[in-house]
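Below, chain A is the first sequence line, B the second, and so on; all start at residue 1.
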Amino acid sequence: MIERILLLVLFMIGFWAIMAHRNIIKKIFGLNIINASVVILFILEGSRIGNEVPIMYGGIGPTADPIPQALMLTAIVIGVCVTALSLALAVHLYRTSGSFDIDVIKRRIQDEA
Amino acid sequence: MNDGKTAWRNIRIFASLVLIGAVMAPIFLSDASWPVTARDYLMAQGQAESGAVNLVSAIYLGYRAFDTLGETIVLLIAVTGTLSLLARVESLVSPGPEDTSSPNAKGFSLSLEKRVSHALRTNLLEEVTGKVGPIVLLFGFYVMLYGHLSPGGGFQGGVIIASGIVFLALGNPYEDKSVLVRPAILGGMENIAFLLFILSAMSGVFLEEGFFGNPLAVSGTPEGFIILMNCIIGMKVGSSLAFMCIVMMGGANHD
Amino acid sequence: MRPEDLVFATVMLPLLGAAFALCANMFPKGKGADTVEFIGAGIGLLLPLIVLANVFPLVTGGNAIEGVIGSWHEGIGITFSFDGLALLINILGYTVGIAAWIYSLGGGPRGPAFTGIFLIQCAALSATIMTNDLFNLFVCLEIMGMTSYVLIPTSRKAGASLASFSYLMVSASAMVFFLLGTYGLYRLTGSLSFQGIEAGLALLGSTQRILSLACLTLLVSAVAIRVAIMPLYGWLPDAHALSPHAVSAVLSGVLIKTPLFALARILHLLPEGTKIGELMSIAGALTAVVAVVIALSQRDAKRLLAYHSISQIGYIVAAWGMALRWGIDTPEGLACMVGAFLHAFYHALFKGLLFLSVGTTVDVTGERNVYLLRSSIASLKGRGERIPITFIAFVTGALAISAIPPLNGYVSKDLITYSLKGTVHYVLLSIASVGTVASFIKLSRIYWRGTKVAAQASLSTETTPYWPRLVAEVLLSLLCIAGGVASHLIIPVVSDLLAPANVIAIANANLFSTDSLVKTAWTVASGTLLFFAATSRPGSVVLRIVRERPRDFHGLFISFALGTAVLAGYLLI
């Protein structure tokens, strides 16, 4: 139970970072944190039904559910890609507006337009 | 006035956290028993059907290979998008006091002219990465090729290969880099790997197995297809990530 | 070839085309690279149409082609089902896709990378609408999202990357919620396929009800972000207004609708679907009204169009929600679903047309402000349009979106309001259509003669050919007109494709009845009045307040939290 509560807390921290922080890099951190919390939750709970790794070398006991592991592999890679793209956008925003603060960026772009 | 605005902002953010938390809590805290049907089926049949001892490989390269294709596509788009964004420099505003021109901003830069000023890339780093690079590459190939038997697979192996390539790029203090770290070569490898992936995913159609079916299903060595897919994905992931890292470090300036 | 493979080719062909197009990157620039890229585009955009024509007889009358991708075991592999709805959405996607791609040859962005990503987007649309698997839906939505985040900033306009960043943050966070919802449903039912989840939840009965409702809430609100329904629309105007014109056309024509119809496939299986549909349809009708008011206040021509996309999506969601509320297998529900799809399709055509024609005008004159831009026809002539094709295309689109007979917009809007008669939605949608008329009178002022002659073309110095723009505009205009004139042929086919096997498709409603025509006349008259009210002094003060309302980044997330909580609360009660 305690792990799940901690993961919920982790999720809320990430969501708070996305909403409240003005720095766009910290927002991207937040996005990574919420993604990580869901991935950990999925893997953790999927291993409640067995302790062995799902690699079938004869005569092993009940394994962890392999489906969450395969799904999360996909989700992690997608998360990395989204992060890479958002960081590239952040760099580009910094180059054009000279700031990482979302409000400042917005103001400068509006002034320009 | 401004204080009032900030307070109002904080109140709204706090309220939405509470609301989201209320919706999330039942899902995070649930202790409903985990379903076992899929696991039991895979333990009984998975190895025979897919040929992979590693059931995770069996799922992401066999049962759910289409998801894997989706994820390599996402990777491809991310690389293309990142490159097109980083290659463009146009500034809206005149550089302010907090602008880029401080030397630290160039951290690990690969281009020679920027290298004089930075303290982060020491000789030590260059020596170590240059020596370790080939070994890391070799390990990456091992993880990729044995993905059906042991923990690992195309993605994990590909990421290790990518770090090997980045090590090679970092470890070379001169301009005569190996072919492997040239962005143009890496980009080409990525595109070819994507084409190969699509073609091998289509190969099942001609053998009545359907898209993403295993064309070797009846041949007695079904694991051959898994190994092939692992290699293609390893090539794709390795070249994409290395490409992205090298361009982010400024290597693209030389092509 | 088995039928399962045939339908899956609609996903694989664009991907193969994309792979070809991307390989063109490796050739030196010139004839060779262009040829490879064009072959890729041909494989990706034209061959799927042939496939669709072959599939058509297999899916009429409520039939569906179902299977597991790669013929793997059902409980673990990815199941898909290609039914009439999937066929229709595919037709929608590829029609607009082809027009937009042709336009991009003249209006940019160009190059193998653009073609590749564009084709991947088409493949993702096709995969999204046919998948029957929750996690696969997650992957497809992510691909669609990624392509839009990449395509939006290719316009190189100031603010486009900020728009893309905002969209990315909101929609990527929403996808994490979607993943969490998938986790909850997998935990409860041990299955990822829609049918498996339905069976699993039915077995559970009322135990774990809170958990299953929370999961559904997350799935629905994550998709609602993509569709841009009322509280969750904040990312859309910037993204659609600042992206390249061809991309705007696809984003607002196709991309915001596909997730909605994909969601319908799981919702109509679940008992909670009716409640969700009810709430969403009310939200949709409200969206239609509010967005049209904001649209009327806009100064930027493309932003005005973007708000209209939200408003029209409101129409679609209202009809779609009521279809779920009543059930797709009842005649009323089916009528709503046909209306929702037809409006989605026709909106894709006329909104695509509007984005392209206004985009051309804006490019030619170099001015986006509706209040400043005048006499654009002269500028278009200066660019070599002897007959002002772009202007005619704009008029066609504007008349269609204002629902003037006999254009296609009239047919679909009339079908929706006809089937919603007697509900509160009917009133709201009627108000919205008055606003639509008013704001398009406002937009058409860019073609009026004025004293201020717009600055002449930076475009005339560019080397890109101009004719592809005109070809795309003419193509879409013809489709708009055909959609209206041939409606008596189209509606039965669509309703036959959407009808489940045991339901008789609706009889052809009399669309051009005197009642409807009188109503249209009233709408136009009050729309004109509203336009004059809006241009009067008090009217413009009000619109200014609407236009300059504060829009913060965190507001996007606050409205997301609010929307999610409201949906959860509504389901729980």
Interface residue of largest heavy-atom contact number with chain B, from [options], under 4.5 Å:
{"options": "C:Thr131, C:Leu213, C:Asn136", "result": "C:Asn136"}
{"options": "C:Ile210, C:Leu180, C:Leu567", "result": "C:Leu180"}
{"options": "C:Phe20, C:Tyr186, C:Phe560, C:Tyr149", "result": "C:Tyr186"}
{"options": "C:Ser212, C:Cys23, C:Ser559", "result": "C:Cys23"}
{"options": "C:Val150, C:Val139, C:Ile78", "result": "C:Ile78"}

Exercise. Counting N and O atoms only, with roles assigned by atom type, does the side chain of B:Arg64 sit under 3.5 Å from a partner on the main chain of C:Ile76, one being a donor and the other an acceptor?
Worked result: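 Yes; at least one donor-acceptor contact below 3.5 Å.
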Exercise. Are B:Phe66 and C:Asp133 close enough, and set up right, to give a side chain to side chain contact (heavy atoms under 4.5 Å, CB included), and what steps lead you there?
Worked result: CA-CA 11 Å; B:Phe66 185 51; C:Asp133 184 285; over 6 Å; no
Chain B contact via [X] - side chain, backbone, both or neither, heavy atoms under 4.5 Å:
{"X": "C:Leu192", "value": "side chain"}
{"X": "C:Ala568", "value": "side chain"}
{"X": "C:Ala123", "value": "neither"}
{"X": "C:Ile120", "value": "side chain"}
{"X": "C:Leu218", "value": "side chain"}
{"X": "C:Val68", "value": "neither"}
{"X": "C:Ile117", "value": "side chain"}

So for [X], is it side chain, backbone, both, or neither that comes closer than 4.5 Å to the heavy atoms of chain C?
{"X": "B:Leu76", "result": "side chain"}
{"X": "B:Ser33", "result": "backbone"}
{"X": "B:Ile27", "result": "both"}
{"X": "B:Leu29", "result": "neither"}
{"X": "B:Ala22", "result": "neither"}
{"X": "B:Leu69", "result": "side chain"}
{"X": "B:Ala15", "result": "neither"}

State, to 0.1 Å, how close [X] and [Y] come at their nearest heavy-atom pair, and which atoms those are.
{"X": "C:Met12", "Y": "B:Ala201", "value": "CE-CB, 3.9 Å"}
{"X": "C:Ala19", "Y": "B:Leu195", "value": "CB-CD1, 3.4 Å"}
{"X": "C:Ala565", "Y": "B:Val23", "value": "CA-CG2, 4.3 Å"}
{"X": "C:Gly190", "Y": "B:Thr37", "value": "O-OG1, 4.2 Å"}

Problem set entry | Within 6.0 angstrom of C:Glu74 CD, more than 12 heavy atoms from elsewhere | no
Interatomic spacing from [atom1] in [X] to [atom2] in [Y] - rounded to 0.5 Å:
{"X": "C:Tyr183", "Y": "B:Ser30", "atom1": "OH", "atom2": "OG", "value": "6.0 Å"}
{"X": "C:Ile558", "Y": "B:Phe14", "atom1": "CD1", "atom2": "CZ", "value": "13.0 Å"}
{"X": "B:Ile198", "Y": "C:Leu15", "atom1": "CD1", "atom2": "CG", "value": "4.5 Å"}
{"X": "C:Thr154", "Y": "B:Leu85", "atom1": "OG1", "atom2": "CG", "value": "9.5 Å"}
{"X": "C:Leu16", "Y": "B:Phe194", "atom1": "CG", "atom2": "CZ", "value": "9.0 Å"}
{"X": "C:Met146", "Y": "B:Leu75", "atom1": "CE", "atom2": "CG", "value": "8.5 Å"}

For this session: List the steps, then state whether side chain to side chain contact (heavy atoms under 4.5 Å, CB included) holds for C:Phe557 with B:Ile20.
Result: CA-CA 10 Å; C:Phe557 286 89; B:Ile20 283 293; over 6 Å; no
Problem set entry | Among B:Ser16, B:Pro26, B:Ala32, residue most engaged with chain C (heavy-atom pairs, under 4.5 Å) | B:Ala32
For this session: Evaluate the side-chain proximity of B:Leu19 to C:Thr564: yes if any heavy-atom separation is below 4.5 Å, no if none is.
Result: no
For this session: With sequence neighbours excluded, tell me which residues meet ring pair (Phe, Tyr, Trp, His ring centres under 6.0 Å) with C:Phe138.
Result: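 In terms of ring pair (Phe, Tyr, Trp, His ring centres under 6.0 Å), with neighbours along the sequence ignored, C:Phe138 is linked to C:Phe135.
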